[in-house]
Amino acid sequence: MSLAHKISIFPEAAVVARELATEVADALEENPSLVLGLPTGRTPLLLYEELVRLAGTGRIDFSQATTFNLDEFLGIPASHPGSYRSFMQAHLFDHVNLDPQRIHFLNGAAANPFDECCRYEKAIDEAGGIDLLILGIGTNGHIGFNEPGSGLAARTHRVTLKPETRRSNAALFGNDPDAVPAEALSMGMGTILDAKAVVLVATGQRKAACVEQLVTGPITTQLPASFLQLHKNVEILLDAAAAARLQE
Ligand code: PGA
């Protein structure tokens, strides 16, 4: 394997979520002012459920924590029911004691998307950088909205979404891929690699091929997640289905 990082394989997605939630709780215990980078998608749903549960028992305290989400659709306001901000409110923010002042999000309705991306980079810097960045991975190997292609952007930027990415987000837009915004704003690969620690989570059989490439393949812009091979502190958490091609 060309990826020398820690790979942990658990029997099922629920166990992956419990492991990661415990890791987040421990990190917050050690550093209550932790700066977290957070993903959306189906994968982190179980994690957010578990974090909410732990917050309810007092095991986890977000009161001093700061969060930065990875990405947001362009052209819709935060209040749109399909926005990633709405997703985060529904699945995490509305249920834990995060200070709204310390929740950071790209504004998909910003008048000037370029300025918005610069503002976000500056806000991350001013927070002291991201301590722990949690990532999912798209079936096409994207992380955040860094899509496969001939090149990758280093910093937070405006992106055109691939048809498969719009399809996989259709559930947020009445199951209509055409209703999914065609563009988004996303942290760049450099923004992601600047995080002090990265945890990538992949579950389910449909992730097995991109996980195999991530772990055994070369670093290539055709699989943006492969750039994580350059990071010194990456942990990959998998369920058995996502790890299926690693065990062959
Ligand atoms: P998913 O998306 O969790 O819905 O599979 C992951 C991603 O696209 O990053």
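Indexing begins at 1, ligand by ligand and atom by atom, following the structure's order.
The aromatic rings of His91 and Phe87 sit tilted, their planes meeting at an angle between 30° and 60°. Using cut-offs of 30° and 60° on the angle between ring planes, the pair Phe73 and Phe173 is perpendicular.
Using a 4.5 Å cut-off on side-chain heavy atoms (C-beta onward), Leu200 and Leu214 make contact. In this structure the side chain of Asp176 never reaches within 4.5 angstrom of the side chain of Arg166, judged on heavy atoms.
Nearest protein heavy-atom neighbour of atom 8 (O) of ligand 1: His142 NE2, 2.6 Å.
Short contacts between ligand 1 and Gly41, defined as distances under 4.0 Å to a heavy atom of the residue, involve ligand atoms 3 (O), 4 (O). Against a heavy-atom cut-off of under 4.0 Å, Gly136 is close to the following atoms of ligand 1: 9 (O). Close contacts of ligand 1 with Arg42, meaning ligand atoms under 4.0 Å from a residue heavy atom, involve 1 (P), 3 (O), 4 (O). Residue Gly138 has at least one heavy-atom neighbour below 4.0 Å for each of these atoms of ligand 1: 7 (C), 8 (O), 9 (O).
Neither the backbone nor the side chain of Glu147 has any atom closer than 4.0 Å to an atom of ligand 1 (non-hydrogen atoms only). Heavy atoms of Leu135 found under 4.0 angstrom from ligand 1: none, in either backbone or side chain.
At least one donor-acceptor pair under 3.5 Å links the side chain of His231 to the backbone N or O of Ala195.
Applying the side-chain hydrogen bond (donor to acceptor under 3.5 Å, both in side chains) test between Asn140 and each of Gln222, Lys162, Glu164 identifies Glu164 as the sole match.
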